[in-house]
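Input: a single structure, listed below in structure tokens.
None of these values were measured; they are calculated from a predicted model. Throughout, protein chains are lettered first and strands after them, A, B, ... in sequence-line order, and every chain is numbered starting at 1.
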Number of protein chains: 2
Amino acid sequence: MGLLDEHKSERRARILAAARRHVARHGYDGLTMRDLAQAARVSVPTLYNLFGGKDAILTAALAESVERVAALHVPADTTYFGRALLGFDAGMTMIADAPDFYRRLIPLFMTSPEARPIRMRTELGFLALMTANLTAARDAGQLAEWAEPRVVAGHMFAQYMAAFLHWGVGEVDLDGFRTLALSGICHLLLGVARGRFAEEVAARARELTPRVAALADTRPTQEAPHARSAD
Amino acid sequence: MGLLDEHKSERRARILAAARRHVARHGYDGLTMRDLAQAARVSVPTLYNLFGGKDAILTAALAESVERVAALHVPADTTYFGRALLGFDAGMTMIADAPDFYRRLIPLFMTSPEARPIRMRTELGFLALMTANLTAARDAGQLAEWAEPRVVAGHMFAQYMAAFLHWGVGEVDLDGFRTLALSGICHLLLGVARGRFAEEVAARARELTPRVAALADTRPTQEAPHARSAD
DNA sequence: CCTGTTATTTTAACGTGTTATAGATTCATA
DNA sequence: TATGAATCTATAACACGTTAAAATAACAGG
């Protein structure tokens with residue numbers, strides 16, 4: 001509450017900002033604790049006092065971004081499919097905001113135990129939105145009666161994550177990521193949607209299929225430049 | 001061809017075996033190049049001469065395992081769904097063989113540029129099998145006419161990978177991995193399968209749904225023990 | 001203003017992956 | 001068997017993440 005804590009907050013902010021900038025430009029391995037300390041006008045042990053380590057710093061930077069999307073407002077005056085698209089696009093615009101930063105941190109985000117809270121937050125946010133959406137669809141008779149909204153939402157999230165990973169390792173570009181994830185989600189909904197919901201999903205799946213097929217054809221079959229090393 | 005190359009092969013084998021053993025027990029970070037050199041009765045620079053680095057060594061160990069599943073024989077005298085299950089099970093038994101080893105290396109396998117050839121090999125193998133299977137199903141009138149086998153197979157692979165990742169970070173156990181991946185694949189096929197293919201898929205999806213729902217309920221909501229650090 | 005507490009810095013060190021250099025060993029060949 | 005060419009080893013070093021220790025600065029309360 002005192003000035004002491006304010007200074008601590010300032011330092012934290014300076015460190016996170018410097019880390020963001022540096023990672024976006026030079027990648028995870030390109031960021032050294034000694035450089036970061038100098039850029040943030042702070043000593044190395046302070047980095048450890050305030051955060052705990054390199055991964056913890058980048059994790060905190062990631063968490064900041066995720067929180068920004070957490071408070072998400074999805075209007076109810078669209079179709080079930082339209083609502084699903086809105087939630088999907090929110091995550092996409094966040095990534096499009098600073099693609100290099102996210103891309104460089106995908107290994108950390110995907111697998112590190114440090115980043116598990118962020119993963120949970122992302123997944124639970126997605127699941128909550130989609131589960132509510134699918135439950136409403138089921139109540140309106142636009143979902144197969146045996147289908148479990150939460151289970152279906154989980155499989156949708158799997159499609160999203162797999163496409164995210166494909167983008168992270170450089171297999172597809174940002175547009176390909178979007179196409180891939182959307183097509184996967186539509187394919188998934190295809191078997192459980194009914195009525196108008198089903199019609200919309202089917203139309204979109206048909207439209208996306210050739211684009212996904214084209215994507216697969218243009219994928220590099222040889223090694224991509226090492227994304228993790230510093231440039 | 002000469003004795004010189006044989007000795008080199010022996011060294012490579014010794015190094016890979018020692019790395020396997022050590023990683024399964026103490027994890028990625030628990031394996032140091034100096035320890036590995038000693039365990040393989042080899043000097044540290046030799047590790048770099050023969051492989052190129054730590055990641056390259058583990059990548060080579062992973063590649064060995066993947067190659068063992070590559071030569072896969074799938075009998076044609078089953079239903080399309082049965083054949084899909086066979087290919088799926090092959091990958092599962094490989095993982096069940098040395099789960100600790102694979103689990104510890106998931107971050108490397110999933111995201112490292114070094115491991116891209118292995119990822120491609122895995123993905124292409126899966127896609128080839130499933131695409132052939134789906135194409136045959138389409139020719140037999142058991143697949144929606146607008147569906148693209150390769151695209152559907154890609155989305156199936158996404159379900160598989162997402163479940164794999166969930167297992168790798170400790171979100172579900174090996175049985176949960178199997179249940180999750182199968183349910184996802186069945187949900188995905190649900191919208192494009194027709195005839196008897198569709199009946200089998202639908203029956204399996206209905207059967208798996210409650211199990212996946214139960215899985216989601218028992219998931220830990222707090223932090224798991226750090227899997228990457230040495231024990 | 002002084003004092004005690006707390007936070008930050010300084011400095012040094014440890015173990016790590018990685019690499020260069022020079023010396024020893026091992027193989028193929030004459 | 002002796003020579004030459006690879007190849008491995010030994011040693012040392014570098015930069016990195018991380019942490020411990022003591023010294024210094026900044027704060028809160030009297």
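Regarding B:Phe51, its CZ atom lies at a distance of 15 Å from the C1' atom of D:dC8, rounded to whole Å. The NE2 atom of B:His26 sits 13 Å away from the P atom of C:dT16 (whole-angstrom rounding). What separates CZ of B:Arg41 from P of D:dC8 is a distance of 15 Å, to the nearest Å. Atoms CG (B:Asn49) and P (C:dA22) sit 16 Å apart, rounded to a whole Å. One atom, CD1 of A:Ile57, and another, P of D:dG17, lie 10 Å apart when rounded to the nearest Å. A:Lys8 places its NZ atom 13 Å from the P atom of D:dA28, with the value rounded to the nearest Å. The interatomic distance linking A:Arg11 (CZ) with C:dA7 (C1') rounds to 8 Å, in whole Å. Separating the CG atom of A:Asp29 from the P atom of D:dG17 is a distance of 9 Å, rounded to the nearest angstrom.
Environment of CD in A:Glu64: crowded, with over 12 heavy atoms of neighbouring residues, nucleotides or ligands closer than 6.0 Å.
Note on A:Leu31: only backbone sugar-phosphate atoms sit closer than 4.0 angstrom, heavy atoms only; bases stay farther off. Residue B:Val42 is in sugar-phosphate contact alone, with no base atom involved, counting any heavy-atom pair closer than 4.0 Å across all strands shown. Counting any heavy atom pair closer than 4.0 Å across all strands shown, B:Thr32 reaches sugar-phosphate atoms only and no base atom.
Side-chain proximity of A:Ser43 to C:dT18, D:dT18, C:dT10: nearest is C:dT10.
With hydrogens and angles disregarded, a donor-acceptor distance shorter than 3.5 Å links the side chain of A:Arg20 to the backbone of A:Ala61.
The distance between the ring centers of B:Phe177 and B:Tyr160 falls below 6.0 angstrom.
Within the 4.5 Å cutoff, side-chain heavy atoms of A:Arg103 are placed close to those of A:Trp167.
Geometrically, A:Lys54 does not engage A:Tyr48 in a cation-pi contact defined by less than 6.0 Å to the ring centre and at most 45° from the axis.
If you find the closest nucleotide of DNA chain C to A:Pro45 and to B:Gly52, the one lying nearer the 5' end belongs to A:Pro45. Between B:Tyr48 and A:Arg34, the residue whose closest nucleotide on DNA chain C is further toward the 5' end is A:Arg34.
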